[in-house]
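Everything below concerns the one structure shown next.
Nothing here was measured: the structure is a model prediction, and the numbers come from that model. The chains referred to below are lettered A, B, ... by the order of the sequence lines, with proteins before strands, and numbering in each begins at 1.
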There are 2 protein chains.
Amino acid sequence: MHSKLTDHIKKFIELTEADEQLINSAVVVKTVKKKAFLLQPDHICKELYFVSNGCLRLYFINKKLNEQITQFAIENWWLTDYVSLDSGSPSFYYIQAIENTEVISITKSKLEELFIAVPKLERYFRIVQQRAFAAAQTRIKYIYSMSDEERYWHFNSLFPAFMQRIPQYMLASYLGFTPQFMSKIRAKKG
Amino acid sequence: MHSKLTDHIKKFIELTEADEQLINSAVVVKTVKKKAFLLQPDHICKELYFVSNGCLRLYFINKKLNEQITQFAIENWWLTDYVSLDSGSPSFYYIQAIENTEVISITKSKLEELFIAVPKLERYFRIVQQRAFAAAQTRIKYIYSMSDEERYWHFNSLFPAFMQRIPQYMLASYLGFTPQFMSKIRAKKG
DNA sequence: CTGTTTTATTAATCTTGATTCATTTTTTGA
DNA sequence: TCAAAAAATGAATCAAGATTAATAAAACAG
């Protein structure tokens, strides 16, 4: 019994058939239509989402009442509001499907049970979290070492396929500038 | 046999006396004089540092040849360049002591051995990494929802004691603006 | 102590990217 | 298939914070 999730886990640790069954019976597969929400502000985030198919965005509404995207998640990425999940405090975020999406969802409490039943999963999540933090370190470095225009071209060169997949205004939001400024940049070079 | 590190670990998981001995014999205590370096660019980062006393900063030199600080670490915080550590690629960063500092240092390879000898340490590091990532999520939210001036006052209200501890120009660097702008802000209100 | 380095301040000018508002193009759903 | 909504573009003006340059104050080493 395998799933996109256990396939992913097996890239990092070994799983027995029994482990896989424990994992797959702890999770729930959810199909999320484009524009549907998995999390909304003021709700307490109780689940982690592993994208098996499609694309999610994490965003909040800023003081100017604009959507500010802070993360995307595509296939094989985990997404959740760890602040709300860890502390039990209400979230400030929306998690929304950008495309029709399939996620493998696990609740915080089921995950804690799973860590007891399959302790080596701690290792998998330790590695995943370490990589996520490394990515965040790198992102903060980019934020503080490139202008907005440079970050646009940089993102462009690193993830051309992803850029085809999302509306431009969402990338502008993620990169922290306005759609108008993005048009200006694009008009210049290409 | 305890240390500041095992005390910290015991806040998250239980350790036997034997576990503690294994941990403490895998690590090395280093005293780092103010302004001394634990990591410099072009070197491959092979160690993780747990600050038992003092204060470190992680920074790189940006295109304008200024120091850009991206992280601080005080007592009970881990600091390393996870990108270089994970991938074995040369680092872009400096890790430098801001004060005379004592760190508990462990190499990547010793840590891997320790994970085999004391598997429950995976859980400790999983939790530590998850919190670090949650902090990074929050930081990115602040970067994209407050002006530089707002972030200054916000930091000021959250960490007044830490502000006493570091030169102002380092905080300006961490917050992503110039010392001149910081003086302007301070002259206004406080 | 005292000269030197490090840190902080002030002010004038300049730049990047925001804002506002209008228009055009593309996508979507009934 | 076509109206309506969503997404992208364009241009004029504006503002937050950078740059430059000079000075002042504090910390430090010999």
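- Rounded to whole angstrom, the span from the NZ atom of A:Lys64 across to the P atom of D:dA15 amounts to 13 Å.
- Put simply, B:Tyr169 has no side-chain N or O that comes within less than 4.0 Å of OP1 or OP2 on C:dA8.
- Regarding A:Gln168, its CD atom lies at a distance of 13 Å from the C1' atom of D:dA6, rounded to whole Å.
- Along DNA chain C, the nucleotide nearest to B:Pro179 and the one nearest to A:Gly176 differ in position, and the one closer to the 5' end is contacted by B:Pro179.
- Put simply, NZ on A:Lys33 is 11 Å from P on C:dG29, counting in whole angstrom units.
- Taking only side-chain atoms of A:Lys184, from C-beta outward, the nucleotide of C:dA18, D:dT9, D:dA18 with the closest atom is C:dA18.
- Nucleotide D:dA18 holds its P atom 12 Å from the CG atom of B:Asn62, rounded to whole Å.
- The interatomic distance linking B:Ile98 (CD1) with C:dT7 (C1') rounds to 14 Å, in whole Å.
- A salt bridge links B:Arg123 with A:Glu112: the closest approach of a Lys/Arg side-chain nitrogen to an acidic carboxylate oxygen falls below 4.0 angstrom.
- At least one cation-pi condition fails for B:Arg139 and B:Tyr142: the charged atom is not both under 6.0 angstrom from the six-membered ring centre and inside a 45 degree cone around its axis.
- Between the side chain of B:Ser3 and the backbone N or O of B:Leu5 there is at least one donor-acceptor pair closer than 3.5 Å.
- A:Thr178 comes within 4.0 angstrom of a nucleotide base, judged by non-hydrogen atoms across all strands.
- Considering only the side chain of A:Asp148, C:dA18 comes nearest among C:dA18, D:dG17, C:dT9.
- What separates CE of B:Met170 from C1' of C:dA8 is a distance of 14 Å, to the nearest Å.
- Nearer the 5' end of DNA chain D, as judged by each residue's closest nucleotide, is the contact made by B:Phe181, out of B:Phe181 and B:Lys34.
- Between the base of D:dT20 and the side chain of B:Gln180 there is a donor-acceptor pair shorter than 3.5 Å.
- A:Arg165 forms no cation-pi arrangement with A:Phe162, by the criterion of a distance under 6.0 Å to the ring centre and an angle within 45° of the ring axis.
- For the pair A:Lys4 and A:Phe50, the NZ or CZ position fails the cation-pi test of under 6.0 Å to the six-membered ring centre and within 45 degrees of the ring normal.
- What separates NZ of A:Lys188 from C1' of C:dG17 is a distance of 10 Å, to the nearest Å.
- Comparing D:dA8, D:dG17, C:dA8 against the side chain of B:Ser183 picks out C:dA8 as the nearest.
- Separating the CE atom of B:Met182 from the P atom of D:dA18 is a distance of 12 Å, rounded to the nearest angstrom.
- Of the candidate nucleotides D:dA18, D:dA7, C:dG17, D:dA18 has the atom lying nearest to any side-chain atom of B:Phe177.
- Neither OP1 nor OP2 of D:dA8 sits under 4.0 Å from any side-chain N or O of A:Arg186.
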